[in-house]
Amino acid sequence: MNNTVLITGASRGIGKAIAELFAENGYNVVINYRSSDIKANELYNKLVRNNRSAMLIKADVAVREQVDEMYAKIKSAYGGVDVLINNAGIAEQKLFTDVSEDDWDNMFDINVKGMFNCTQAVLNDMISNKYGKIINISSIWGLVGASCEVAYASSKAAVIGFTKSLAKELGPSNICVNCIAPGIIDTDMNASLDDNAIKELKEQTPLIRLGSPEDIANLALYLASEKANFITGQIISPNGGFVI
Ligand code: NAP
């Protein structure tokens, strides 16, 4: 084991918080992103300045060749990954009748096929090593559904089915596959919500606040650790009590 983690979609939001926390905890951190060059470089430079081990790779998780090239670079630098965090994702709010075929395909290409591509890229080496942790980021909306988010919620429900099935298949190879289904987290993904909507969401949450990216990062660090070696196939939802 060389303690290497690949975090997809780590230029901003939850992925960035995960990258920072894993770096502080001694992991070699591979920051993947698609388009936020400035933010991704800022994060990479900050980690390196603090003497953390980090690598920055621009790749669209929806495109298999880019994912395979990304993994080849990781393999030559670190020998493989011990932990894969399938975090890259997009969301869109629309009436179902307004969702185009392209909208639907784009949502599934990134949120579901991206996870498929990245998992297949790293898996053969994890199986050979008889060790690995895969953590997939779903959403409460994948658990309970959301009006005007049929495509997003469906893609996040697929993440849950993928996690449960793969956990059963990979258990004998000592690879744990788990899923984090966050509640409302304070990131760019919710930037379009106005103050009233945020206030209502907080009021509906027993802990009376939105989650922070760090709330999710802390759980990811635990699931990646050897303390969680008997946990697999689980969907864990840090949501402040919003969904119970
Ligand atoms: P965010 O702030 O919008 O960040 C999304 C990240 O995904 C960015 O780093 C973005 O990179 C990356 N990304 C998007 N498409 C990509 C692609 N095709 N290839 C590679 N990277 C890609 O979102 P977030 O709130 O941190 O969300 C992270 C994950 O948590 C998502 O899966 C989301 O569905 C899930 N989630 C979020 C919430 C929430 O309330 N925020 C709740 C539940 C679940 P670039 O900017 O470089 O393109």
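When a ligand or atom number is given, it counts from 1 through the structure's own listing order.
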Q. How far apart are the closest heavy atoms of Thr187 and Pro213, and which atoms are they?
A. CG2-CG, 4.0 Å

Q. For ligand 1, which part of Lys16 has a heavy atom less than 4.0 Å away: the side chain, the backbone, both, or neither?
A. neither

Would you be so kind as to tabulate the donor-acceptor pairs closer than 3.5 Å made by side chains of residues 175-186, with sequence neighbours excluded?
unit_1: Asn178; atom_1: OD1; unit_2: Gly233; atom_2: N; d: 3.2
unit_1: Asn178; atom_1: OD1; unit_2: Gln234; atom_2: N; d: 2.9
unit_1: Asn178; atom_1: ND2; unit_2: Ile231; atom_2: O; d: 2.8

Q.
Between ligand 1 and Ala62, is the shortest N or O to N or O distance under 3.5 Å?
A. no

(Q) Give me the residue, atom name and distance of the protein heavy atom closest to atom 18 (N) of ligand 1. (A) Asp60 OD1, 2.8 Å

(Q) Restricting to non-hydrogen atoms, name the atom on Ile90 and the atom on Met107 that form the minimum distance, rounded to 0.1 Å. (A) O-SD, 3.4 Å

**Q.** Ligand-side contact atoms (ligand 1) for residue partner Ile184, heavy atom cut-off under 4.0 Å
**A.** 40 (O)

Q: List the atom of Thr8, the atom of Asn32, and the distance in Å for their closest heavy-atom pair.
A: CA-OD1, 3.4 Å

Q: Measure the NZ-CE distance between Lys58 and Met70 for me, rounded to the nearest 0.5 Å.
A: 13.5 Å

Q.
Suppose I only count heavy atoms of Lys156 and a 4.0 Å limit; which atoms of ligand 1 are within that range?
A. 31 (C), 32 (O), 33 (C), 34 (O)

**Q.** Sub-4.0 Å heavy-atom approach of Trp141 to ligand 1
**A.** no

Q: Quick one: look up the protein heavy atom nearest atom 9 (O) of ligand 1 and list residue, atom name and how far away it is.
A: Ser11 OG, 2.7 Å

Q | Closest protein heavy atom (residue, atom, distance) for atom 22 (C) of ligand 1 | A | Ala88 CB, 3.6 Å

Q.
Need the ligand 1 atom indices (1-based, order shown) with element for anything under 4.0 Å from a heavy-atom of Ala10.
A. 9 (O)

Q | Contacting atoms of ligand 1, where contact means under 4.0 angstrom from a heavy atom of Asn32 | A | 20 (C), 21 (N)

Q: Considering only non-hydrogen protein atoms, determine which one is nearest to atom 19 (N) of ligand 1 and report residue, atom name and distance to 0.1 Å.
A: Val61 N, 3.1 Å

Q) Should the pair Tyr27 and Phe22 be assigned to parallel (<30°), tilted (30 to 60°) or perpendicular (>60°) ring geometry? A) tilted

Q) Applying a strict 4.0 Å limit to heavy atoms, is Gly114 in contact with ligand 1? A) no

Q: Sequence neighbours left out, what pairs pass side chain to side chain donor-acceptor pair (under 3.5 Å) with at least one residue falling in residues 145-158?
A: Gln93-Glu149, Asn111-Ser155

Q. Checking salt bridge (charged side-chain N to carboxylate O under 4.0 Å, His left out) for the pair Lys16/Asp188: CA distance, chi angles, key distance, verdict?
A. CA-CA 12 Å; Lys16 176 181 181 227; Asp188 296 345; over 6 Å; no

Q: Within a distance under 4.0 Å of any heavy atom of Ile110, pick out the atoms of ligand 1 and give their elements.
A: 15 (N), 18 (N)

Q.
Would Gly183 count as a contact residue for ligand 1, given that I'm defining contact as a non-hydrogen atom of the residue lying under 4.0 Å from a ligand atom?
A. yes

Q) Which of the listed options, Met189, Arg34, Gln66, holds the heavy atom that is closest to atom 23 (O) of ligand 1? A) Met189

Q | Closest candidate by heavy atom, reference atom 14 (C) of ligand 1, pool Pro238, Gly89, Ala40 | A | Gly89

Q.
Under a plain distance cut-off of 3.5 Å, with no hydrogens placed, do Asn3 and Asp82 share a side-chain donor-acceptor pair?
A. no

Q | Minimum heavy-atom distance between Ala158 and Val112, given as atom pair plus value | A | CB-CG2, 3.9 Å

Q.
Would Tyr33 count as being in polar contact with ligand 1, using the rule that some N or O on each side must be under 3.5 angstrom apart?
A. no

Q) Just heavy atoms, cut-off under 4.0 Å: does Ala91 contact ligand 1 by side chain, backbone, both, or neither? A) neither

Q.
Using a 4.0 Å cutoff against the non-hydrogen atoms of Gly13, which atoms of ligand 1 qualify?
A. 2 (O), 26 (O)

(Q) I need the Asn86 CG to Asn117 CG distance, nearest 0.5 Å. (A) 9.5 Å

(Q) If I take atom OG from residue Ser173 and atom CD1 from residue Ile127, how far apart are they, to the nearest 0.5 angstrom? (A) 5.0 Å

Q.
Please work out, at 4.0 Å between heavy atoms, whether the side chain, the backbone, both, or neither of Thr187 comes within that distance of ligand 1.
A. side chain

Q. Should the proximity of Asn111 to ligand 1, defined as any heavy atom under 4.0 Å, be assigned to the side chain, the backbone, both, or neither?
A. neither

Q | Reported CG-to-OH distance for the pair Asn229 and Tyr131, which is rounded to 0.5 angstrom | A | 5.5 Å

Q. Any idea which part of Ile14 is under 4.0 Å from ligand 1, heavy-atom wise: side chain, backbone, both or neither?
A. both

Q) Could Glu203 and Lys199 be called an ion pair, given the rule that one side-chain N must be under 4.0 Å from one carboxylate O? A) yes

Q | Nitrogen or oxygen of Gly9 less than 3.5 angstrom from that of ligand 1 | A | yes

Q. Does Ala181 have a heavy atom less than 4.0 Å from any atom of ligand 1?
A. no

**Q.** Heavy-atom nearest neighbour in the protein, as seen from atom 48 (O) of ligand 1, with distance rounded to 0.1 Å
**A.** Ser35 OG, 2.8 Å

Q.
Below 4.0 Å from ligand 1: does a non-hydrogen atom of Lys39 turn up there or not?
A. no

Q | Which residue and heavy atom of the protein sit nearest atom 1 (P) of ligand 1, plus the separation | A | Arg12 NH1, 3.6 Å

Q.
If you measure every N or O of Ile90 against every N or O of ligand 1, does any of those distances drop under 3.5 Å?
A. no

Q) Does Ser138 come within less than 4.0 Å of ligand 1, judged by its heavy atoms? A) yes

Q. Do Ser128 and Asp125 have side-chain N/O donor and acceptor atoms under 3.5 Å apart?
A. no

Q) Out of Ile137, Asn87, Asn117, who gets a non-hydrogen atom closest to atom 32 (O) of ligand 1? A) Asn87

